[in-house]
Student: 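Okay, here's the structure, questions in a sec.
First the proteins, then the strands, lettered A, B, ... as listed; each starts at 1. Remember, predicted model here, so these are calculated numbers, not experimental data.
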There are 2 protein chains.
Amino acid sequence: MARWESDAAQRLQYAAMTLFMTRGYDDVTVAEITERAGLTKRSFFNHFTDKREVLFAGAQQFQAAVVDHLAATDEALVPLEAAVAALTRAGQGLASYGDSAKARRDLIASSIELQERNLVKMASLATALAEVLQTRGTPIRTATFAARTAVTVFTVAYDDWADNTTEDFSAVMQRTLTDFRLAVGSPEGQPHAG
Amino acid sequence: MARWESDAAQRLQYAAMTLFMTRGYDDVTVAEITERAGLTKRSFFNHFTDKREVLFAGAQQFQAAVVDHLAATDEALVPLEAAVAALTRAGQGLASYGDSAKARRDLIASSIELQERNLVKMASLATALAEVLQTRGTPIRTATFAARTAVTVFTVAYDDWADNTTEDFSAVMQRTLTDFRLAVGSPEGQPHAG
């Protein structure tokens, strides 16, 4: 992507976040976002398919990073741990968002249509993880459950981490995985069936 | 709901399913559904907020049934098993759909917008289950994980069961729960942390 294109996308994202945080997601129009960013509506729709997407601009790169990490993960790890490790490594890149993580999380929670889009992105992420696990030799059923579980752990961990973005994301993920194991009756430290 | 209202909703659902199965979900309009059912567009929108909802007409009643079953479930069951038991009992009512379960599943898989609506319904179901678990004294984190896991098990089991609706839904749920436990490293039969 050329430098000016990336700048335009970032200006649009920044303008959108500022307006959403001030006036709420629902009341802000695409025209207002582009006006604030000093760009045209056409420019907006070159970068984002709709108003919702401006809050999910990083989702595709994030998913690509997770897939790359998983493909490179130690083959000896059981599927759930491999998927969690890949999400953890990709998630550490989110630290650069800093305080906007909390604002973004709260915006998503404030709007049904943003929650819907978030569900779609997380489902897509789980499907992508399950596909990579299958290429590692994991049966489809195990891959599906491990991938969906890892994404559930990630979403809960991310929402926690957004409250305190100075904390190491890896530590939040491990704590959340432990919480998950306790919740579904799989105490940490016991042998895993793989 | 008055008898004639229920009949209208059922006629619209039947007409919609018939058209969707013949020509695909995307190509069928609400006008065509209402024409086939011998009703007006106004009648359609009295029953369904949009074209997608015609395939999710039972979701609200299903969720209500699951919540009722969970509230009445043995307090001694750990959260995940209680949630799975409630989904199993409510799911047995789905047997009346018979062969249309497979057609419905395949229609949902064929359309991104139907997949999105399905994700929203399943997320709503998980939220409702987590709330009931909390009223039983389960901490919020455990309730969230148990509810989301139970719904994941249910969605996988339902897709399996749709291929063979003469099979006992309860047996499919138990088998799927076992698959889940193996996938995430929690073999059946060991003590659960609650």
Side-chain angles (χ1 to χ4, degrees), chain A residues 49 52 77-84 109 112-124 126-127 130 133 138-157 159-160 175-194, chain B residues 49 52 77-84 109 112-124 126-127 130 133 138-157 159-160 175-194:
Chain A
T49 50
R52 295 196 262 189
L77 284 182
V78 296
L80 176 59
E81 287 178 1
V84 166
I112 298 286
E113 64 177 60
L114 289 175
Q115 289 170 41
E116 287 184 13
R117 185 61 55 93
N118 197 40
L119 289 171
V120 170
K121 298 293 183 190
M122 293 301 109
S124 162
T127 301
L133 287 172
T138 304
I140 183 168
R141 176 67 47 107
T142 303
T144 299
F145 280 132
R148 290 194 191 181
T149 296
V151 170
T152 296
V153 168
F154 170 76
T155 55
V156 171
D159 282 356
D160 267 9
R175 194 169 65 224
T176 311
L177 180 60
T178 301
D179 288 348
F180 168 79
R181 289 192 190 284
L182 288 169
V184 304
S186 166
E188 206 178 23
Q190 77 195 9
H192 301 291
Chain B
T49 50
R52 294 196 264 189
L77 284 182
V78 296
L80 175 59
E81 287 179 0
V84 166
I112 298 287
E113 66 176 59
L114 289 175
Q115 289 171 40
E116 287 184 13
R117 185 61 55 92
N118 196 40
L119 288 171
V120 170
K121 299 294 183 188
M122 291 302 108
S124 162
T127 301
L133 287 172
T138 304
I140 182 168
R141 177 67 47 107
T142 304
T144 299
F145 280 131
R148 291 193 191 181
T149 295
V151 170
T152 295
V153 168
F154 169 76
T155 54
V156 171
D159 282 356
D160 268 9
R175 194 169 64 223
T176 312
L177 181 60
T178 300
D179 288 347
F180 168 80
R181 289 192 191 285
L182 288 169
V184 305
S186 166
E188 206 179 21
Q190 78 197 6
H192 301 291

Student: Keeping the roles fixed (side chain from A:R181, backbone from B:V184), state whether a donor-acceptor pair exists under 3.5 Å.
Tutor: yes
Student: Is there a side-chain contact between A:F145 and B:T176 in this structure, where contact means two heavy atoms from C-beta onward sitting under 4.5 Å apart?
Tutor: yes
Student: Given heavy-atom pairs under 4.5 angstrom as the criterion, report whether the side chain, backbone, both or neither of B:T152 touches chain A.
Tutor: both
Student: Tell me the closest heavy-atom pair linking B:L80 and A:A183, and the distance in Å.
Tutor: CB-O, 4.5 Å
Student: Going by side-chain hydrogen bond (donor to acceptor under 3.5 Å, both in side chains), name the residues that satisfy it together with B:R117, two or more places apart in sequence or in a different chain.
Tutor: B:D50, B:E53
Student: Search all heavy atoms of A:L119 against all heavy atoms of B:A123 and return the closest pair with its distance.
Tutor: CD1-CB, 3.7 Å
Student: Once you round to the nearest 0.5 Å, how far does OG1 of A:T155 lie from CZ of B:R148?
Tutor: 4.5 Å
Student: Heavy-atom distances under 4.5 Å only: say whether A:D160 touches chain B with side chain, backbone, both or neither.
Tutor: side chain
Student: Are the side chains of A:V156 and B:R141 in contact, using a 4.5 Å heavy-atom criterion?
Tutor: yes
Student: In terms of heavy-atom proximity below 4.5 Å to chain B, should A:S124 be classed as side chain, backbone, both, or neither?
Tutor: neither
